[in-house]
Amino acid sequence: MADKVVLQLTEWQGRQESFDNGTDSYQSRLLTSVLNAAGFSPEEIELKRRSSKFFIHLDEQLCSALAYDTIYVGSITEGINGGLYYSGEESDIDAILPFFEEIYVNDGQLCLDKGLPKPEVCPDKWRYMVFQSSLIFERPSFFAFHDEDFPGYMKIYCTPDIPFSFDKIPSTMKDGYLENKSFHNLVRKTDAKDLNITTETTNQYESNGPAVTEKCFTRSNFFGTKQESLTSDNVPCLEFDGWPSCATFWISRHKPNGWPTDEIIKQVVFKKCLLAPVGHRDSRDKDFQWRLSMPGENILFAHLNEVQLHCYILLKIILKDDIRPLLSTDNKDILSSYCMKNLIFWCAEGETVDWKVSNLVCCLKVCIRKLVFYLQENCLPHYIVEGRNLFSSKLKPDISKIVQNALLRSNENIMAVLNLRSFQMVRSETDNFRPELLNSLTERSIILQCWHDKMRLLFHYFTTFEFFWLNYDRHASLESIYIYEDVLSEIETYEGVTVFQNDYSVMINSIIGLLSYSFYRRNCDDEHMIEKAKKHLFETFKSSRPCIRLRLATFFLIEEKFELVINLCSDIMQKKRKLIPPKQIWNQVNGSGCKLDVVLRSKKLNQLRQLKEAILAESYSQQVPNILTQEDNDIVEEFKNGMFVDPYFKVTYMTAELWAVPDVIQLELLSVPERLKKFNEDKFHCPKYDQVPCIRIHPLLNCYLLIYLSYDALRKKTERNDILAKINHLSADDIAVENNQVLFYNILVYCNSKAGYNKRAAKYLVRSLIIFPSRHNAAFGYLKDIVQQSLTLIRTWKGNAM
């Protein structure tokens with residue numbers, strides 16, 4: 001065994017020598033292959049970018065009632081958070097929240113340039129200016145002034161009589177200037193219950209510069225490794241009208257490499273700037289400063305080529321894995337990913353280097369030398385606001401020297417980056433970076449990423465959050481139907497490349513169909529609505545999701561197509577022999593990826609490439625190439641329909657669908673209270689924080705119930721009682737969704753009572769009322785019926801006795 005270890009070590013040292021002594025071209029291609037295998041291949045980055053862009057667009061449609069349009073930035077949105085074989089630091093989500101869009105923030109500097117004194121010198125004049133501007137633009141107006149000592153920072157002037165803050169969120173001012181800390185209170189501190197998350201989660205919050213950092217939830221990957229909490233940096237901002245004067249020089253500045261082009265510059269300038277509530281740490285007015293934020297930087301980043309992007313990724317890895325461990329806790333933030341991004345922008349604009357794959361090592365060395373130069377000068381200029389230094393006073397000479405030395409060591413031996421933590425899993429999977437294994441791992445990474453994203457997003461939308469249901473009224477309405485038709489149209493006419501479009505179209509069709517049918521049943525004279533319901537519901541017939549097909553089966557039940565109901569539900573149950581408690585669904589979802597990974601490891605590189613192309617085509621709703629083996633075709637079919645596990649996604653029925661469901665479900669929907677959670681409507685105009693009125697039921701229980709009702713309607717008592725026996729043998733712990741055992745017991749009460757087993761029904765009724773002794777419990781209605789029936793029997797008995 002020892003000899004084997006020595007042999008492996010010798011081989012590794014030999015490879016290390018070849019890395020160090022090889023040509024820059026060889027090292028560049030090897031480094032590119034490692035990055036690709038770690039999830040940074042152009043195809044995987046493009047997949048993630050398209051996915052993020054499409055789902056942000058989808059969220060905007062589904063969450064149309066939001067008071068603000070969230071702008072998502074950061075590694076996840078940019079598609080560079082690494083793949084499933086990347087073992088580096090977990091990326092976070094940066095959410096910019098433009099609040100108070102009804103407020104107009106003017107550039108006050110224009111007035112100062114015309115000779116008008118500052119507000120503290122002539123307050124009366126500026127109060128008049130605010131009044132006039134508010135009158136002209138028909139909305140409250142503020143004025144922002146540039147801080148000449150700290151370029152890129154501004155102070156916002158307003159008058160106390162302008163109402164702009166929400167209730168219980170006071171705004172603090174000094175000489176008319178707005179304090180930035182007030183805005184941190186606008187990020188609502190929610191916990192897992194607020195987001196209706198069914199898994200065990202905890203949300204924590206802390207201030208982080210302009211952001212309120214929210215740790216949302218922990219998640220595991222396919223391989224059972226628990227990752228640290230995903231975090232979201234929520235930055236509340238004000239929109240700033242116009243292009244700031246401190247950034248004007250960038251537009252016309254000479255750009256030696258012709259990057260960015262004039263067209264890209266126009267797109268950047270067209271984007272509105274934002275003011276983030278944070279001041280410069282070295283300023284005495286830091287509590288009243290607001291930092292300029294440029295959303296147009298996302299456009300610049302999107303126009304970096306593959307090599308520039310890989311240089312940025314490698315710089316971030318060197319920063320996180322090599323440099324930060326050398327620094328004390330207080331100094332770990334002196335260099336940020338944002339610094340690296342601005343560095344790449346400067347290099348792309350002005351460095352004379354050939355940005356191509358075979359020259360990656362040379363390009364990275366140029367970037368590192370540029371960063372060392374900036375550290376020596378103790379100034380890294382912001383790329384657009386050149387007067388702003390991204391280095392703060394925390395960067396002392398001794399700390400700067402430590403960072404410079406680390407960078408120079410990296411520059412002397414670029415290939416040492418492969419020893420860093422971020423590439424540990426890739427190294428392990430490829431026997432110390434064997435080229436042929438790296439190529440196979442790249443293909444596997446893309447396939448698994450598609451698989452993982454589809455499972456995660458479906459689980460997210462179908463079981464965790466309630467985005468799909470936010471546009472429901474409590475009652476069926478034409479307005480809700482039209483809204484969902486618009487959402488469906490947005491999905492089907494989306495200008496970019498959609499990701500998993502078919503799954504989302506099916507879900508929206510199900511919503512439109514059952515909502516239209518409920519409206520029709522309530523207004524029977526509207527024949528157009530029944531045709532609309534049939535059209536959209538029949539679009540869901542081929543869906544593989546039980547949560548979709550059972551809503552269709554419910555429609556067939558009300559339409560008295562009982563044989564169709566029995567066949568549809570029986571088909572679902574044949575494919576779902578194992579009962580899976582809702583709490584274990586996510587484990588099963590992860591297990592599907594592990595199973596796929598085992599299958600992929602046995603395939604050759606050419607097979608993996610063909611399978612990858614097919615999986616990507618299916619993800620983008622494109623034609624799948626007909627060049628696969630039967631086994632690979634089966635994998636694509638599993639990706640399309642089953643994902644190896646067919647997890648139980650719970651079935652949702654909304655109160656607005658009251659007229660489209662059987663009476664046992666109607667009773668439960670009628671028991672849903674008007675307001676399930678405290679909802680500060682005056683403070684947070686966002687319905688996602690108010691639980692949507694609905695019930696959720698386990699698909700297996702739903703199947704049994706629909707079959708039971710069908711057999712009962714067909715007067716097939718033997719078959720009905722067989723199904724009833726199966727229902728009675730279910731366990732509340734296994735079958736209750738979101739721990740709603742009351743719903744389960746009430747269904748047992750209904751079914752047993754209908755079959756004449758009153759003693760058994762009474763037993764379950766008592767259990768239900770013990771758990772939830774309230775008039776909001778449908779069991780209370782069953783109890784009332786039993787009492788009334790009993791009184792009727794007593795009166796009849798007394799009448800006969802007389």
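Just so you know, these numbers come straight off a predicted model, no measurement behind them. Reckoned from all heavy atoms, side chains included, excluding hydrogens, waters and symmetry mates.
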Here the gap from Cys379 atom SG to Leu395 atom CG, rounded to the nearest 0.5 Å, amounts to 11.0 Å

Any donor-acceptor N/O pair, Ser619 side chain to Val499 backbone, under 3.5 Å: no

Indicate the atoms forming the closest heavy-atom contact of Leu300 with Trp259, along with that distance. O-CZ2, 3.6 Å

Check whether any side-chain heavy atom of Ser400 sits under 4.5 Å from a side-chain heavy atom of Asn378, and report yes or no. no

Quick one: list whatever passes salt bridge (charged side-chain N to carboxylate O under 4.0 Å, His left out) with Arg388, sequence neighbours left out. none

With heavy-atom distances below 4.5 Å as the criterion, would you say the side chains of Ser52 and Ile76 are in contact? no

What's the verdict on side chain to side chain contact (heavy atoms under 4.5 Å, CB included) for Phe301 and Tyr312, showing C-alpha distance, side-chain angles and the deciding distance? CA-CA 10 Å; Phe301 193 81; Tyr312 171 65; 3.6 Å; yes

Using modelled atom types only, decide if a donor and an acceptor are shared between the side chain of Arg427 and the backbone of Leu418 within a distance under 3.5 Å. yes

State, yes or no, whether a side-chain contact exists between Leu438 and Val426 at a heavy-atom distance under 4.5 Å. yes

Point-to-point distance, once rounded to the nearest 0.5 Å, from CD1 of Ile317 to OG of Ser410: 11.5 Å

Give a yes or no on this: more than 12 heavy atoms of other residues, nucleotides or ligands lie within 6.0 Å of atom CZ of Arg284. no

Can a donor-acceptor pair be found, under 3.5 Å and without considering hydrogens, that links the side chain of Asn342 to the backbone of Tyr338? yes

In chain order, what residues pass the side chain to side chain donor-acceptor pair (under 3.5 Å) check against Glu78, with sequence neighbours excluded? Lys341

Relative to the ring of Phe639, is the ring of Trp451 parallel (under 30°), tilted (30 to 60°) or perpendicular (over 60°)? tilted

Check whether any side-chain heavy atom of Phe55 sits under 4.5 Å from a side-chain heavy atom of Leu58, and report yes or no. yes

Side-chain donor or acceptor of Arg324 paired with backbone N/O of Leu335 under 3.5 Å: yes

Do Phe54 and Phe500 have ring centres separated by under 6.0 Å? no

Can you tell me how the ring of His280 sits relative to the ring of Phe150, calling it parallel under 30°, perpendicular over 60° and tilted otherwise? tilted

Minimum-distance pair of heavy atoms, taken over all atoms of Pro244 and Cys273: CD-SG, 3.6 Å

Using 0.5 Å steps for rounding, measure from the CG atom of Asp597 to the CZ atom of Arg444. 5.0 Å

For the backbone of Gln424 and the side chain of Ser428, can you confirm whether one donor and one acceptor N or O come within less than 3.5 Å of each other? no

With a 4.0 Å cut-off on N to O distance, would you call Lys394 and Asp330 a salt bridge? no

Side chain to side chain contact (heavy atoms under 4.5 Å, CB included) assessment of Tyr86 paired with Ser445: CA-CA 10 Å; Tyr86 173 68; Ser445 178; over 6 Å; no

Validation row: Asn411, Ile414 side chains within 4.5 angstrom (heavy atoms): yes

Ignoring hydrogens and geometry, is there a side-chain-to-backbone donor-acceptor pair from Arg291 to Ala276 under 3.5 Å? no

As a quick check of understanding, evaluate ring-ring contact (aromatic ring centres under 6.0 Å, His included) for Phe391 and Tyr374, giving each step before the final call. CA-CA 9 Å; Phe391 294 153; Tyr374 286 137; 7.5 Å; no

Atom CD1 of Ile323 and atom CD1 of Ile399: how far apart are they, to the nearest 0.5 Å? 13.0 Å

Asn180 vs Leu275 side-chain heavy atoms within contact, under 4.5 Å: no

Give a yes or no on this: more than 12 heavy atoms of other residues, nucleotides or ligands lie within 6.0 Å of atom NZ of Lys320. yes

Non-neighbouring partners of Tyr383 that pass side chain to side chain donor-acceptor pair (under 3.5 Å), sequence neighbours left out: Glu349

Do the side chain of Ser28 and the main chain of Val361 share a donor and acceptor less than 3.5 angstrom apart? yes

Are the side chain of Lys271 and the backbone of Met294 linked by a donor-acceptor contact shorter than 3.5 Å? no

What is the distance from atom CD1 of Ile402 to atom CG of Leu375, rounded to the nearest 0.5 Å? 12.0 Å

Can you name the residues that form a salt bridge (charged side-chain N to carboxylate O under 4.0 Å, His left out) with Glu443, not counting sequence neighbours? Arg609, Lys612

With sequence neighbours left out, which residue pairs that include part of residues 396-428 fulfil the ring pair (Phe, Tyr, Trp, His ring centres under 6.0 Å) condition? none

Taking Glu351 as the fixed residue, which of Lys370, Lys255, Arg369 is the one that meets the salt bridge (charged side-chain N to carboxylate O under 4.0 Å, His left out) rule? Lys370

Rounded at 0.5 Å granularity, tell me how far OG in Ser25 sits from CG in Leu360. 10.5 Å

Could you check whether Lys356 pairs with Asp354 (Lys NZ or Arg NE/NH1/NH2 to Asp/Glu carboxylate O, under 4.0 Å)? yes

Stepwise, does the side chain to side chain contact (heavy atoms under 4.5 Å, CB included) test hold for His303 with Thr261? CA-CA 10 Å; His303 283 86; Thr261 64; over 6 Å; no

Could you please spell out the steps behind the side chain to side chain contact (heavy atoms under 4.5 Å, CB included) verdict for Gln449 and Glu43? CA-CA 11 Å; Gln449 190 66 51; Glu43 283 179 302; over 6 Å; no

Please enumerate all residues that pass side chain to side chain donor-acceptor pair (under 3.5 Å) together with Lys365, with sequence neighbours excluded. none

Check whether Ser41 reaches the backbone of Ala37 with its side chain - one donor and one acceptor, N or O, closer than 3.5 Å. no

Identify the two heavy atoms, one from Thr442 and one from Ser33, that lie closest to each other, and give their separation to 0.1 Å. OG1-O, 4.1 Å

Minimal heavy-atom distance between Gly39 and Ile45, with the atoms involved, is O-CG1, 4.4 Å

Heavy-atom side-chain proximity of Cys450 to Leu47 below 4.5 angstrom: yes

Over all atoms of both residues, closest heavy-atom pair of Leu327 and Lys332: O-NZ, 3.1 Å

Closest heavy-atom contact between Gly83 and Glu44? CA-OE2, 3.4 Å

With no hydrogens and no angle check, is any side-chain donor or acceptor of Asp321 less than 3.5 Å from a backbone partner on Ser422? yes

Are the side chains of Glu386 and Trp346 in touch, meaning some heavy atoms are under 4.5 Å apart? yes

